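What follows is a set of notes on a single structure, which appears directly below.
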Amino acid sequence: MWKILYALAPIAILVAFYQMKTETPSILVTSICVVIFMMAMMRLSSKTKSKNSPEDEDANQ
């Protein structure tokens with residue numbers, strides 16, 4: 001499921017930008033696209049290691 005979300009994230013943000021360029025942009029479509037993009041970014045950022053992880057603090061002391 002998350003792999004599908006990663007594939008949909010760039011498409012969703014492109015659709016959101018396209019919607020804003022139309023004559024009457026749909027707020028609902030734009031909002032849904034932004035939420036999909038943010039969910040994917042949250043999931044990706046949770047996979048990256050923190051700069052100040054607890055394991056590093058123990059090794060430095």
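Just so you know, residue 1 is the first one in the sequence shown, and it goes up from there. Being a predicted model, the structure only gives us computed values, none of them experimental.
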Take F17 and K21 through the test side chain to side chain contact (heavy atoms under 4.5 Å, CB included) and record every step on the way to the result. CA-CA 7 Å; F17 282 133; K21 289 172 59 175; 5.7 Å; no
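- Side chain of Q19 to backbone of S26: a donor-acceptor contact under 3.5 angstrom is found.
- Across all non-hydrogen atoms, the minimal contact from C33 to A12 is CB-O, 3.1 Å.
- Under a cut-off of 6.0 angstrom, the local environment of CE in M38 is sparse, with at most 12 non-hydrogen atoms contributed by other residues, nucleotides or ligands.
- The CE atom of M39 sits 10.5 Å away from atom CG of L8, with the distance rounded to the nearest 0.5 Å.
- Tracing side-chain contacts under 4.5 Å through hydrophobic residues (I, L, V, M, F, W, Y), one never reaches V34 starting from L28; they form parts of separate clusters.
- M42 and I4 sit in two unconnected hydrophobic clusters of ILVMFWY residues. Membership requires side-chain heavy atoms under 4.5 Å apart, directly or through other members.
- Shown are T30, V15, V29; of these, the side chain to side chain contact (heavy atoms under 4.5 Å, CB included) with M20 is made only by T30.
- Residue Y18 holds its OH atom at 15.5 Å from CD1 of I11, rounded to the nearest 0.5 Å.
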